Number of protein chains: 2
Amino acid sequence: MVAIRLDEIDRKILAELQADGRMTNVELAKRVGISAPPCLRRVRTLEESGLIRGYHADVNSRELGFEVQVFAMVGLESQAESELNAFEERCREWPLVRECHMLNGEVDFILKCVAPDLSSFQQFLTGELLTTPNVASVKTSLVIRGAKDEPGVPFDVLEERMSRTA
Amino acid sequence: MVAIRLDEIDRKILAELQADGRMTNVELAKRVGISAPPCLRRVRTLEESGLIRGYHADVNSRELGFEVQVFAMVGLESQAESELNAFEERCREWPLVRECHMLNGEVDFILKCVAPDLSSFQQFLTGELLTTPNVASVKTSLVIRGAKDEPGVPFDVLEERMSRTA
DNA sequence: AACCGATGCGCAATTATCTTTCGCATCAGC
DNA sequence: GCTGATGCGAAAGATAATTGCGCATCGGTT
């Protein structure tokens with residue numbers, strides 16, 4: 001993963017593909033103001049550099065049958081590095097856990113979970129999470145409703161910064 | 001948004017496009033075991049039904065210059081519906097706030113934020129979030145490191161459920 | 001049991017897009 | 001003012017998307 005120098009065209013490409021990852025290359029090229037071949041080369045470079053990690057369809061989880069979304073705050077008994085790694089590895093194995101972030105402050109981890117219904121989440125909570133060794137405390141909060149869920153990063157903030165730096 | 005009956009092929013399509021949203025239709029068709037034309041028709045139907053909300057490139061935010069990721073727990077003075085809506089609307093306008101979920105329990109909202117660096121987050125926190133009317137308390141937690149960040153939903157859990165129902 | 005409309009498949013042909021190759025322009029460093 | 005590196009655009013062949021159409025299957029009906 002080499003550090004890449006991005007020009008404005010690259011940033012536009014990223015912004016466009018973040019907004020619509022299935023855009024055709026010719027459409028993308030048109031929007032960023034270059035022809036298709038160099039545009040494709042830039043996209044490939046961005047992919048290979050790791051700046052673009054992948055492309056994902058944004059699936060409506062509720063419609064699909066995942067009615068429940070929960071944030072879980074987890075505290076561990078021991079914060080030794082090996083214990084932290086062990087817990088993270090567990091999280092990677094649990095399909096209902098979609099995100100796991102280590103935090104500063106009183107809580108060690110925050111988990112974003114989904115589940116088909118409350119009872120299957122409770123089952124996961126009591127049967128899996130709470131019985132995991134080294135887990136000291138778990139506080140869960142149900143998502144009542146979602147107000148905003150934007151994927152990725154705000155490119156307008158980035159552009160603003162770039163123009164100030166330049 | 002009509003309720004759609006999904007068969008196994010549809011679920012496979014969703015799973016594949018969630019994993020790789022830029023897959024060509026012919027490749028997708030091959031993987032789910034039908035020919036290209038009906039596969040494309042199914043994808044269009046899934047898009048129109050709202051089950052597929054869109055496609056997004058997964059951009060490496062840290063590489064791009066967003067070094068800081070923060071979870072903010074927000075409590076409001078008043079939880080009247082109009083006040084809740086007003087706060088949600090504010091969140092939608094803040095580019096640094098990527099997600100905003102209303103929670104049950106002591107905290108009213110959880111916000112997932114990104115920022116280029118700590119100082120620009122502090123600036124947002126003190127200059128915007130904390131000065132917003134009706135905001136009673138904000139507790140922030142910096143993400144030390146990310147352990148898991150899977151987009152979308154676990155289709156294997158879904159398949160399991162379906163087979164039990166059938 | 002035979003009919004029949006609805007649904008959904010695959011094949012084939014057309015159109016659009018992707019991808020490679022090549023030559024040319026620009027620019028930094030010497 | 002030379003020279004190598006970089007990146008552009010045009011053209012062409014390969015691949016994929018998209019449309020039209022005929023056929024099979026499946027329920028519901030007579």
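Throughout, protein chains are lettered first and strands after them, A, B, ... in sequence-line order, and every chain is numbered starting at 1. Here the structure is a predicted model, which is why all the values come from computation and not from measurement.
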Legend entry - Ring centroid separation A/Y55 to B/H56 under 6.0 Å: no

Closest to the side chain of A/P38, out of C/dT17, D/dC8, D/dA17, is D/dC8

Among the nucleotides D/dA17, D/dA11, D/dT18, whichever has the atom closest to the side chain of A/P37 is D/dA11

Cationic N near anionic O, under 4.0 Å, A/E99 to B/K148: no

On DNA chain C, more 5' by nearest nucleotide between B/G33 and A/L40 is B/G33

By nearest-nucleotide position on DNA chain C, the 5'-leaning member of A/A36 and B/C39 is B/C39

Nucleotide [N], atom [atom2] - distance to [atom1] of [X] in whole Å:
| X | N | atom1 | atom2 | result |
| --- | --- | --- | --- | --- |
| B/D7 | D/dC26 | CG | C1' | 14 Å |
| A/M23 | C/dC18 | CE | P | 11 Å |
| A/I9 | D/dG9 | CD1 | C1' | 13 Å |
| B/N25 | D/dT19 | CG | P | 12 Å |
| B/R42 | D/dT18 | CZ | C1' | 18 Å |

| Can you find a side-chain donor-acceptor pair between A/N85 and A/S82 that sits under 3.5 Å? | no

Assert: residue with more 5' nearest nucleotide on DNA chain D, out of B/E27 and A/I34, is A/I34

Exactly one of B/L28, B/D7, B/L6, B/V32 clears side chain to side chain contact (heavy atoms under 4.5 Å, CB included) with B/R42, and that residue is B/D7

Distance check: side-chain N/O of A/R41 vs OP1/OP2 of C/dT20, anything under 4.0 Å? no

Just to confirm, is there a sub-4.0 Å distance from OP1 or OP2 of C/dT19 to any side-chain nitrogen or oxygen of A/R44?
yes

### Message
Under 4.0 Å, counting only non-hydrogen atoms across every strand here, what does B/S35 touch: a base, just sugar-phosphate, or nothing?
### Response
base

